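Beneath this line is the structure, given in structure tokens, with notes to follow.
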Amino acid sequence: MKRTHMCAEVTAEDIGREIVVMGWVQKRRDLGKLIFVDLRDRTGLLQIVFKDELDKELHDKAVQIRNEFVIAVRGTLENREVINPNMATGNWEVIVSELRILSKAETPPIHIEEDSDTSEATRMKYRYLDLRRPNMQRNLILRHKVAKITRDYFDENGFIEIETPILIKSTPEGARDYLVPSRVFPGRYFALPQSPQLFKQILMVSGFDRYIQIAKCFRDEDLRADRQPEFTQIDLEMSFVDVPDVLEMNEGFLKRVFSEAIGVEVQTPFQVMTYSEAMDRFGSDKPDTRFGMELIDVTDIVKNTSFKVFSGAIENGGSVRAINAKGCGPKFSRKQIDALTEVTKTYGAKGMAWIVVEEGNIKSSFTKYLSEDETQQILKKVNAEPGDLICFVADTNKVVFDSLGHLRLDIAQKTNLIDESKVNFLWVTEFPLFEFDDEEKRWVATHHPFTAPMDEDIPMLDTEPGKVRSKTYDIILNGVELGGGSVRIHDQELQKKIFKLIGFSDDEAQKRFGFLLEAFKYGTPPHGGLAFGLDRMIMLMAKCSSIRDVIAFPKVQNSSCPMTGAPDLVDEKQLKELHIQQVEMDDE
RNA sequence: GGCCCAGUAGUUCAGUCGGUUUAGAACGCUAGCCUGUCACGCUAGAGGUCGAGGGUUCGAGUCCCUUCUGGGUCGCCA
């Protein structure tokens with residue numbers, strides 16, 4: 001038998017024709033002398049019918065059919081006696097003349113249906129069954145579409161797709177590397193790439209002008225709902241560009257891919273916000289701009305207050321800021337406000353001060369320590385109205401931003417403040433070039449050591465490196481970091497200066513990135529690029545809450561794969577070839 | 001490494017204060033009946049290491065300790 005149609009692709013024109021369809025048995029309804037089977041393939045369902053009166057032998061065979069059997073049927077497509085309006089192919093059915101049971105099936109541990117409520121553990125172990133579910137199939141088909149549109153768009157804009165190696169040299173900064181032992185060189189290791197960063201810059205030196213790759217990347221760090229140890233980036237790099245060129249090209253890409261893949265039309269150019277503005281207004285470098293509740297700085301008002309929690313934080317160089325949860329006063333009990341305090345403590349706050357505004361009265365955890373004037377000034381500054389719940393954190397700026405930024409999201413979620421239909425793209429730009437690493441007591445590159453400083457900030461490299469802004473940009477969608485990149489340094493003298501600032505001696509720089517520095521000696525175009533997290537992009541497009549749902553075979557939280565049992569022990573012989581000896585671990 | 005949630009039939013769950021003969025329900029599964037079902041229906045039945053180990057107790061699915069598994073999160077992720 002040769003298949004003529006996919007299940008859901010039959011049309012009215014096929015009525016009366018003999019067709020052959022193949023697939024899995026979704027559901028069997030055995031009425032005795034009449035058996036209905038819903039046959040499923042990638043496209044959907046089609047009802048097939050076995051009638052005892054037409055062919056006794058065929059009917060007896062059909063009695064054996066069970067869920068998830070793989071069968072092939074030949075038959076005639078007919079109009080149904082009773083139409084099912086809830087089914088795409090509900091007008092028709094196949095009157096079967098020939099049946100082949102291609103494969104039997106045991107009762108599956110996962111029911112194949114649109115919304116499974118099966119546990120993650122079972123889904124991961126039986127991933128092949130989980131992937132039979134229509135929504136999982138849709139997710140992976142969407143992923144395929146996005147990959148295709150990506151290649152089309154960048155191809156049309158002069159980008160060349162080039163593969164970079166998976167076995168590379170370890171570069172110590174950044175995330176923990178996955179290592180691969182060398183058989184040929186005892187004691188030496190390849191690393192798996194955390195991103196193709198250095199290779200794509202070298203491709204610019206090679207003159208390819210524009211590079212694109214849908215690249216697998218690896219980072220040996222702990223997992224999250226939106227983080228897997230191996231993940232996929234849409235990675236690109238362009239020559240002879242500055243920041244606006246990169247932004248424009250990628251806005252075009254996002255506009256196109258959202259339109260073609262999911263029919264969502266977005267306006268370009270996107271909103272652009274500097275890092276410093278994002279932190280100030282939202283306490284986050286990836287603000288969700290679908291709602292307000294922005295941070296309000298009350299430091300000036302309480303600078304000289306006798307309330308030590310506030311004045312002490314300010315004396316130590318910190319600040320006091322608030323968010324006003326409009327109308328949330330009556331919605332939160334004391335117990336729930338305590339829960340909000342716990343949220344802020346997660347991010348290092350020592351506590352949270354609050355005011356509930358009532359008609360002609362306020363309830364508060366702290367205003368008794370303030371003067372009447374200070375309280376009134378605060379209420380005015382935060383635009384307090386009856387019904388408002390105002391939350392304050394006083395600490396270092398880092399803790400204040402972190403805790404209030406997350407508290408803002410937490411309250412918005414709890415009170416359904418977020419308009420889920422919004423698609424808010426946002427560029428966050430001008431991240432600081434350096435951060436001070438308290439442990440190592442030195443400046444480290446915020447993005448990576450090849451990121452260019454803003455031209456006008458270059459003079460500050462010598463005086464105030466912490467204030468130097470960089471030519472960086474992150475693309476944020478509804479509070480999720482979708483990607484980021486930068487314009488790179490192409491000037492050798494400037495590069496040397498940066499290395500020096502982050503405490504790399506010439507020797508060290510040579511040892512770590514020598515090949516790149518060597519390449520830069522032979523004529524380097526100005527260049528910059530960006531990488532999108534493909535998994536996250538698909539997750540948001542498919543409205544999933546975990547990237548596991550858009551990856552065919554993801555890892556679970558401890559980075560293992562329950563389906564295959566990886567990672568696993570290997571033969572002693574394999575280890576010997578790789579010059580690896582197992583060391584007994586001490587249990588302490 | 002820390003904190004939080006969950007683990008009882010193939011699946012999803014209920015199981016009260018530690019005590020009610022044999023740990024229940026729904027779906028699924030098995031068998032029989034059924035000619036227009038599509039949440040098919042009806043009848044009967046099978047199915048349990050209550051994640052594992054230890055402890056407390058006259059008595060543990062229930063309390064305590066340890067551990068495993070899955071999830072969320074902080075740290076981590078240039």
Side-chain angles (χ1 to χ4, degrees), chain A residues 26-39 45-54 59 63 66-68 78-87 89-90 93 95 105-113 115-126 129 171-177 194-195 197-198 217-229 231 339 342-349 402-403 406 410 431-435 437 439-440 443-451 470 472 481 484-486 502 512-513 533 545-546 548 555-558 560 562 588:
Chain A
Q26 176 68 30
K27 184 81 184 174
R28 166 188 65 110
R29 290 178 295 277
D30 185 347
L31 276 62
K33 296 213 162 46
L34 186 64
I35 299 173
F36 297 97
V37 168
D38 291 337
L39 191 66
L45 299 174
L46 179 62
Q47 176 165 285
I48 63 179
V49 192
F50 299 90
K51 294 184 179 179
D52 180 71
E53 65 188 13
L54 294 180
H59 183 272
V63 168
R66 292 294 181 273
N67 284 356
E68 300 307 315
E78 303 279 4
N79 278 313
R80 286 200 199 180
E81 287 182 23
V82 184
I83 292 175
N84 182 351
N86 301 319
M87 201 172 167
T89 59
E93 63 192 4
I95 311 296
E106 292 182 15
T107 304
I110 293 176
H111 187 207
I112 314 302
E113 61 186 342
D115 296 303
S116 174
D117 51 4
T118 310
S119 71
E120 288 271 337
T122 309
R123 290 178 56 196
M124 288 305 157
K125 183 166 180 200
Y126 299 96
L129 297 178
T171 48
E173 294 231 333
R176 193 178 295 111
D177 280 327
Q194 295 175 25
S195 81
Q197 184 61 40
L198 304 184
C217 305
F218 307 86
R219 293 178 189 175
D220 188 2
E221 298 291 349
D222 287 346
L223 284 72
R224 290 287 187 278
D226 62 354
R227 250 166 49 191
Q228 284 272 310
F231 61 102
E342 288 308 308
V343 171
T344 63
K345 283 183 178 171
T346 311
Y347 300 96
D402 215 15
S403 54
H406 282 94
D410 188 74
F431 284 68
L433 187 60
F434 304 113
E435 287 170 320
D437 186 318
E439 266 178 41
E440 297 192 37
W443 293 102
V444 296
T446 307
H447 190 56
H448 65 60
F450 310 103
T451 301
S470 60
T472 41
E481 183 191 334
S486 63
I502 58 177
R512 295 183 177 192
F513 308 111
S545 52
S546 162
R548 289 188 302 274
K555 303 285 188 287
V556 297
Q557 193 164 37
N558 61 15
S560 71
E588 289 178 31

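Below, each value reflects all heavy atoms present in this structure, side chains not excepted, and no hydrogens, waters or symmetry copies. Below, chains carry the letters A, B, ... as their sequence lines are ordered, and counting in each starts from 1. Computed from a prediction, not measured in an experiment: that's the story for all the values here.
Atom CZ of R29(A) and atom P of C40(B) are 6 Å apart (whole Å). Spacing between atom CG of D115(A) and atom C1' of A39(B) amounts to 15 Å, rounded to whole angstrom units. Note: CZ (R123(A)) to P (U12(B)) measures 11 Å, nearest angstrom. Note: CG (D117(A)) to P (G10(B)) measures 16 Å, nearest angstrom. Atom-to-atom, CD1 of I48(A) to C1' of C38(B) comes out at 13 Å; the value is rounded to the nearest Å.
With a cut-off of 3.5 Å on both Watson-Crick or G-U wobble distances, the partner of U37(B) is given as none. C17(B) makes up no base pair with any nucleotide shown, lacking Watson-Crick or G-U wobble contacts both under 3.5 Å. Pairing for G7(B) goes to C68(B), judged as Watson-Crick or G-U wobble with the two contacts each under 3.5 Å. Base-pair partner of C50(B): not found among the strands shown (Watson-Crick or G-U wobble, both distances under 3.5 Å).
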Sort me out a list of protein N/O and nucleotides 2-8 of chain B N/O pairs below 3.5 Å, or just none if empty.
none

List, with names and distances, any nitrogen or oxygen atoms from the protein found under 3.5 Å away from nitrogen or oxygen atoms belonging to nucleotides 26-28 of chain B.
residue, atom, partner, partner atom, Å
G28(B), OP1, K27(A), NZ, 3.4

Anything under 3.5 Å between a protein N or O and an N or O of nucleotides 32-35 of chain B, put it in a table, one pair a line.
residue, atom, partner, partner atom, Å
C34(B), N3, D30(A), O, 3.2
C34(B), N3, G32(A), N, 3.3
C34(B), N4, D30(A), O, 3.4
C34(B), N4, D30(A), OD1, 3.4
C34(B), N4, G32(A), N, 3.4
U35(B), OP2, K33(A), N, 3.3
U35(B), N3, E53(A), OE1, 3.1
U35(B), O4, E53(A), OE1, 2.6

- Message: At under 4.0 Å between heavy atoms, how does the protein contact nucleotides 42-48 of chain B? Give one character per nucleotide, 5' to 3', with B, S or -.
- Response: -------
- Query: Could you write nucleotides 68-78 of chain B as a row of B, S and -, 5' to 3', where a protein heavy atom under 4.0 Å of any base atom gives B, of only sugar-phosphate atoms gives S, and otherwise -?
  - Reply: --SBBBBBBBB
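Shown here are the ring-ring contact (aromatic ring centres under 6.0 Å, His included) partners of H448(A), two or more places apart in sequence or in another chain: F450(A). With sequence neighbours excluded, the residues satisfying ring-ring contact (aromatic ring centres under 6.0 Å, His included) with H406(A) are Y347(A). With sequence neighbours excluded, the residues satisfying salt bridge (charged side-chain N to carboxylate O under 4.0 Å, His left out) with R29(A) are D38(A). Residues that satisfy the salt bridge (charged side-chain N to carboxylate O under 4.0 Å, His left out) test with E435(A), not counting sequence neighbours, are absent from this structure. Partners of F50(A) by ring-ring contact (aromatic ring centres under 6.0 Å, His included), not counting sequence neighbours: none found. Applying the side-chain hydrogen bond (donor to acceptor under 3.5 Å, both in side chains) test to K555(A) and every residue at least two apart in sequence or in another chain returns E230(A). Applying the salt bridge (charged side-chain N to carboxylate O under 4.0 Å, His left out) test to R66(A) and every residue at least two apart in sequence or in another chain returns nothing.
A heavy-atom distance below 4.5 Å is not found between the side chains of V343(A) and S403(A). Residues P229(A) and D220(A) fail the side-chain proximity criterion, which asks for heavy atoms closer than 4.5 Å.
No side-chain donor-acceptor contact under 3.5 Å links Q47(A) to the backbone of G90(A). One N or O on the side chain of Q194(A) and one on the backbone of A175(A) form a donor-acceptor pair closer than 3.5 Å. Between the side chain of R123(A) and the backbone N or O of T118(A), no donor-acceptor pair lies under 3.5 Å. With T472(A) contributing its side chain and F431(A) its backbone, the two residues share a donor-acceptor pair below 3.5 Å. Checking side-chain atoms of S560(A) against main-chain N and O of P562(A) turns up no donor-acceptor pair under 3.5 Å. Of the possible polar contacts, one joining the T346(A) side chain to the E342(A) backbone as a donor-acceptor pair under 3.5 Å is found.
One P atom belongs to G15(B), the other to U20(B), and the distance between them is 16 Å to the nearest Å. Taking atom C1' on both C65(B) and A44(B), the two are 46 Å apart, rounded to the nearest angstrom. Atom P of A31(B) sits at a distance of 24 Å from the matching atom of U37(B), rounded to the whole Å. Between C63(B) and G47(B), the distance separating the two C1' atoms is 30 Å to the nearest Å. A14(B) sits 39 Å from C77(B) when the P atoms are compared, rounded to a whole Å. To the nearest whole angstrom, the two C1' atoms, one in U8(B) and one in G51(B), are 10 Å apart.
To the nearest 0.5 Å, atoms CD (E106(A)) and CD (E68(A)) are separated by 12.5 Å.
Place T122(A) and R28(A) on RNA chain B by their nearest nucleotides, and T122(A) ends up nearer the 5' end.
OP1 or OP2 of U30(B) lies within a sub-4.0 Å distance of a side-chain N or O belonging to R66(A).
Nucleic acid contact class of E93(A) (heavy atoms, under 4.0 Å, all strands): base.
The closest side-chain donor-acceptor pair between N67(A) and Q26(A), if any, does not fall under 3.5 angstrom.
Put simply, the side chain of R80(A) and the base of C38(B) share a donor and an acceptor less than 3.5 Å apart.
Other residues, nucleotides and ligands place more than 12 heavy atoms under 6.0 Å from the CZ atom of F218(A).
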